[in-house]
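Each remark here refers to the structure printed beneath this line.
In what follows, every chain begins at residue 1, and chains take the letters A, B, ... in the order their sequences are listed.
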2 protein chains.
Amino acid sequence: MTGSIDRQVEAQLRADGVRFTERRRAVLRALVRAEGPRSAAELHTDLDRGIPLSSLYRSLAVLEAAGVVVPHHGTRGLTRYEPAEWLSGHHHHVVCAACGAVEDVELPPELEGELQAVVTRAVGGSGFSVRGHSLEIDGRCRRCA
Amino acid sequence: MTGSIDRQVEAQLRADGVRFTERRRAVLRALVRAEGPRSAAELHTDLDRGIPLSSLYRSLAVLEAAGVVVPHHGTRGLTRYEPAEWLSGHHHHVVCAACGAVEDVELPPELEGELQAVVTRAVGGSGFSVRGHSLEIDGRCRRCA
DNA sequence: TTCCTTGCAAACGATTTGCATTGGA
DNA sequence: TCCAATGCAAATCGTTTGCAAGGAA
């Protein structure tokens with residue numbers, strides 16, 4: 001985490017009237033380091049400091065409310081978190097149906113533009129206000145093919 | 001639910017050594033009728049017959065194992081189900097970030113085609129073999145806007 | 001001092017499971 | 001008859017919350 005991002009996150013939290021404590025820094029660092037979304041239980045292991053789960057949940061809730069991390073509901077009854085897009089960049093997921101591996105894909109600008117257009121036209125004049133989109137591509141990775 | 005689909009589902013279940021009981025028919029019918037994925041609790045309301053939740057969960061588990069319905073993990077701590085695509089057709093989801101409601105959207109053919117093209121080009125020559133895709137559009141529904 | 005933060009334990013809500021009963025082929 | 005299906009209640013599991021103690025500004 002560079003200093004500038006660090007300061008940006010702090011400002012973001014301050015706007016919510018909360019502090020960027022060492023505990024919260026550690027949680028965010030662990031998420032940035034991670035290969036993919038992590039659950040509270042996984043972070044509990046990653047951080048391994050006897051940090052109680054309730055504290056992890058509270059840290060995650062605070063970071064989520066400030067828009068620093070976003071929840072990911074991919075798995076049965078489990079919420080995993082990852083850094084928000086302004087920290088990690090906009091991307092999509094390629095999921096292997098066989099081994100379950102999830103990989104990030106960043107689309108080239110012109111494809112991302114086309115995708116945006118599809119989304120906009122898809123909701124049409126339905127009154128729904130689009131905030132974001134997420135494309136999941138399912139199939140088999142090279143190894144499992 | 002047409003008779004032919006009905007028979008197809010029955011065969012699918014029979015292959016798993018289970019029966020297509022009236023209860024399970026009712027659950028599937030409710031899902032087919034619904035505009036989008038439904039949770040066990042929502043089905044409990046939809047069906048309103050004092051059908052115990054545990055039975056609903058068991059019916060859903062059986063239908064899922066047979067590939068007749070598919071789980072959808074869009075919302076915090078909640079699993080919703082919908083008919084598998086071979087029953088309901090290919091579609092995408094619009095999710096309201098405020099109230100959690102999920103609605104189906106079927107893209108007009110030319111948009112679906114564009115989306116396919118984006119997907120194909122996105123994986124490029126990575127060796128990943130595409131099997132399907134799913135687009136989730138996030139934002140706020142008219143009511144929550 | 002005044003809030004924000006944390007730990008601990010209890011509370012919760014969604015989902016699952018054990019067990020005895022019912023029902024269909 | 002035999003095994004699957006069901007209902008009920010208790011058990012699980014991930015997550016949230018009340019409350020009292022600890023810390024930073």
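- A:Leu56 places its CG atom 13 Å from the P atom of C:dC8, with the value rounded to the nearest Å.
- Using a 4.0 Å cut-off between charged side-chain N and carboxylate O, A:Arg121 and B:Glu114 make a salt bridge.
- One interatomic measurement links the two molecules: CZ of A:Arg24 to P of D:dA24, which rounds to 13 Å at whole-angstrom precision.
- A:Arg80 comes within 4.0 angstrom of nothing in the nucleic acid, heavy atoms only.
- Within 4.0 Å of B:Thr79, counting heavy atoms only, lie sugar-phosphate atoms of the nucleic acid but no base atom.
- Between the CZ atom of A:Arg25 and the C1' atom of D:dA24 there is a distance of 13 Å, rounded to whole Å.
- Note: the hydrophobic cluster containing A:Val69 also contains A:Ile51 (ILVMFWY, side chain heavy atoms under 4.5 Å, direct or indirect links).
- No donor-acceptor contact under 3.5 angstrom links the side chains of B:Glu112 and B:His91, judged on distance only.
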Name the pairs: protein N/O against N/O of nucleotides 16-25 of chain C, kept only if under 3.5 Å.
| unit_1 | atom_1 | unit_2 | atom_2 | d |
| --- | --- | --- | --- | --- |
| C:dG18 | O6 | B:Arg58 | NH2 | 2.7 |

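- Here the P atom of nucleotide D:dA4 and the CG atom of B:Leu63 are 17 Å apart, to the nearest Å.
- For C:dT6, the OP1/OP2 oxygens have a side-chain nitrogen or oxygen of A:Thr21 closer than 4.0 Å.
- Proximity note for B:Arg23 (side chain, C-beta onward) versus D:dG7, C:dC4, C:dC8: the nearest is D:dG7.
- Taking the six-membered ring where the residue is Trp, A:His133 and A:His92 present parallel rings, their angle staying beneath 30° rather than reaching 60°.
- Judged by distance alone, the side chains of A:Glu85 and A:His90 do bring a donor and an acceptor atom under 3.5 Å apart.
- Taking atom CG of A:Leu60 as the reference point, atom P of D:dG14 lies 15 Å away to the nearest angstrom.
- The CZ-C1' distance, from A:Phe20 to C:dC4, rounds to 16 Å in whole Å.
- B:Arg131 contributes no side-chain N or O that, together with a main-chain N or O of A:Arg140, makes up a donor-acceptor pair within less than 3.5 Å.
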